[in-house]
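Numbers here simply count residues along the sequence, with the first being 1.
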Amino acid sequence: MKIESVGVVGAGAMGNGIAQIAAVAGFRTVLIDVTDTALTKGLATLSVSLSRLVEKGKLSASVREAALARIETSMDYRQLANVDIVIEAASENTDLKVRILRQIESEVRPDTIIATNTSSISITTLGETLKRPERFIGMHFFNPVALMPLVEVIRGLQTSPETAETVRELTQYLGKAPIAVKDSPGFVVNRILIPMINEAFFVLAEDVATAAEIDAGMRLGANQPLGPLALADLIGLDVCLSVMDVFLNDFGDSKYRACPLLREMVAAGKLGRKTGHGVYDYGQP
């Protein structure tokens, strides 16, 4: 199947990033969200990101303008009727994703591929809620989407080989590096990464070291470009907690118990960069 148009549902950090790279790659792109405010904010974020790439010489001004011209925004799912693939990029909540995926399926063509950007939820489980699970697949992008090269391509038990191959080719066309991953909680990267972040919260809660010292230790001692606590703020503490809860539920292993400090910070609304305060204070969100 040839992909010529892309739909993205969810205009948050991941959604607007996916829409950005799709538009830059030359695809007609439809960005959907439930409120005009979310769409306006997502488009503004996307526009700033493109401008920064122009300033750094990684993109020409003409490419930026052409990409912006390819993006349509709407609150109406019916605008997805003629796209070739729709990528759902909503919050990491199973019930929410199922509701959105079913709504997408009710509006798109029978041959349209539906993908989810989930970072931990079973593709097989989500696919089972759809009428055409063979056209459903996982595409796990990483934040920030415009800069991170990896995409985990996850086949559910029902996903057809043709769907997987089309998505692999699309991923490469978007300028990303796909890796094929078995459908397992957290897949590859988050299965390793999020428990490490959770352990950093335990170290912080036990006052072994300050947040800055923990992050410096992992940057300088483990050659990580960003310390685990700063990375948690970038990902979103609520997302980290949600993934840990999925692991605990799906694996049934107490080693995936979320740190109480992480749970407490999420309850307090300190979610990281997107709220302006997490482990660190960022001022404005």
Open item on the list: Nearest 0.5 Å, please: how far is CZ in Phe141 from CE in Met148?
Closed with: 13.0 Å

- [ ] Would you name the heavy atoms of Gly15 and Val8 that are closest together and state the gap between them?
- [x] O-CG1, 3.5 Å

TODO: Please round to the nearest 0.5 Å and tell me the distance separating atom CD of Glu206 and atom CG of Leu261.
DONE: 10.5 Å

Open item on the list: Please determine whether the number of non-hydrogen atoms from other residues, nucleotides or ligands lying under 6.0 Å from atom NZ of Lys274 exceeds 12.
Closed with: yes

TODO: Let me know which of Ile114, Leu80, Ile87 forms a side chain to side chain contact (heavy atoms under 4.5 Å, CB included) with Val9.
DONE: Leu80

Open item on the list: Taking Val145 as the starting point, is it possible to reach Val181 by hopping between hydrophobic residues whose side chains are less than 4.5 Å apart?
Closed with: no

Open item on the list: Apply side chain to side chain contact (heavy atoms under 4.5 Å, CB included) to residues Asp253 and Phe247 and explain how you reach the verdict.
Closed with: CA-CA 8 Å; Asp253 191 327; Phe247 288 169; over 6 Å; no

- [ ] Enter the distance from Leu101:CG to Thr94:OG1 here, rounded to the nearest 0.5 Å.
- [x] 10.5 Å

Task: Sole residue of Arg28, Lys2, Arg109 in salt bridge (Lys or Arg N to Asp or Glu O under 4.0 Å) with Asp84 - done: Arg109

Task: For the student: nearest non-hydrogen atoms of Gly278 and Asp233, plus distance - done: CA-OD1, 3.4 Å

Task: Minimum side-chain heavy-atom gap Leu170-Phe27 below 4.5 Å - done: yes

Task: Side chains of Ser47 and Arg64, donor plus acceptor under 3.5 Å - done: yes

Task: Linked, directly or transitively: Phe142 and Ile18 (ILVMFWY side chains, under 4.5 Å) - done: no

Open item on the list: Between Phe136 and Thr116, is there a side-chain heavy-atom distance shorter than 4.5 Å?
Closed with: yes

- [ ] Kindly work out whether a path of hydrophobic side-chain contacts (I/L/V/M/F/W/Y, heavy atoms less than 4.5 Å apart) joins Leu226 to Leu147.
- [x] no

TODO: Decide if atom OH of Tyr282 counts as having more than 12 heavy atoms of other residues, nucleotides or ligands within a radius under 6.0 Å.
DONE: yes

Task: Partner residues of Tyr280 under the ring pair (Phe, Tyr, Trp, His ring centres under 6.0 Å) criterion, sequence neighbours left out - done: none

Using atom types as modelled, flag every donor-acceptor pair under 3.5 Å from a side chain in residues 185-201 to any protein atom, sequence neighbours excluded.
| from | atom 1 | to | atom 2 | distance (Å) |
| --- | --- | --- | --- | --- |
| Asn190 | ND2 | Ser119 | O | 3.3 |
| Arg191 | NE | Tyr256 | OH | 3.3 |
| Asn198 | OD1 | Cys259 | N | 2.8 |
| Asn198 | ND2 | Arg257 | O | 3.0 |

Task: Spacing of Glu105 atom CD and Arg135 atom CZ [to the nearest 0.5 Å] - done: 11.5 Å

Open item on the list: For the CG atom of Leu174 and the CE atom of Met139, what is their distance to the nearest 0.5 Å?
Closed with: 6.0 Å

Open item on the list: Under the criterion side chain to side chain contact (heavy atoms under 4.5 Å, CB included), I'd like the reasoning laid out for Arg132 against Gln158: C-alpha separation, chi angles, the key distance, then a yes or no.
Closed with: CA-CA 9 Å; Arg132 296 182 293 276; Gln158 315 94 321; over 6 Å; no

Open item on the list: Has Lys270 got a side-chain atom pairing as donor or acceptor with Leu237's backbone, closer than 3.5 angstrom?
Closed with: no

Task: Contact summary for Ala23 and Ile71, nearest pair of heavy atoms - done: CB-CG1, 3.6 Å

Open item on the list: Using a strict threshold of under 4.0 Å (side-chain N to carboxylate O), is an ion pair present between Arg168 and Glu165?
Closed with: yes

TODO: Just do the side chain to side chain contact (heavy atoms under 4.5 Å, CB included) check on Leu68 and Leu46 with the steps written out, would you?
DONE: CA-CA 9 Å; Leu68 288 172; Leu46 184 159; 3.7 Å; yes

Open item on the list: Using side chain to side chain contact (heavy atoms under 4.5 Å, CB included), reason through Thr118 and His140 one step at a time and then give a plain yes or no.
Closed with: CA-CA 6 Å; Thr118 181; His140 181 209; over 6 Å; no

Open item on the list: Between Ser62 and Ser60, is there a side-chain donor-acceptor contact under 3.5 Å, judged purely by atom types and distance?
Closed with: yes

Open item on the list: So if I apply the side chain to side chain contact (heavy atoms under 4.5 Å, CB included) rule between Val24 and each of Thr29, Leu53, Leu59, which one comes out positive?
Closed with: Leu59

Task: Validation row: Asp245, Arg263 side chains within 4.5 angstrom (heavy atoms) - done: yes

Open item on the list: Checking Asp183 against Thr124: is there a side-chain donor and acceptor pair closer than 3.5 Å?
Closed with: yes

TODO: Could you tell me which non-hydrogen atom of Gly269 sits nearest to which non-hydrogen atom of Thr275, and how far apart they are?
DONE: O-OG1, 3.6 Å

Task: Student check: side-chain heavy atoms of Thr45 and Gln20 closer than 4.5 Å - done: no

- [ ] Rounded to the nearest 0.5 Å, what's the gap from CD1 on Ile214 to CG on Leu204? Could you check?
- [x] 4.5 Å

Task: Over all atoms of both residues, closest heavy-atom pair of Leu31 and Gly10 - done: CD1-O, 3.7 Å

Open item on the list: Checking Glu264 now: which residues fulfil side chain to side chain donor-acceptor pair (under 3.5 Å) with it, not counting sequence neighbours?
Closed with: none

Open item on the list: For the CG atom on Asn223, are there more than 12 heavy atoms of other groups (residues, nucleotides or ligands in this structure) within a distance under 6.0 Å?
Closed with: no

Task: Shared hydrophobic cluster, Met14 / Ile123 (ILVMFWY, side-chain heavy atoms < 4.5 Å) - done: no

Task: Where Lys176 and Ala146 come nearest, the two heavy atoms and their spacing - done: NZ-O, 3.5 Å

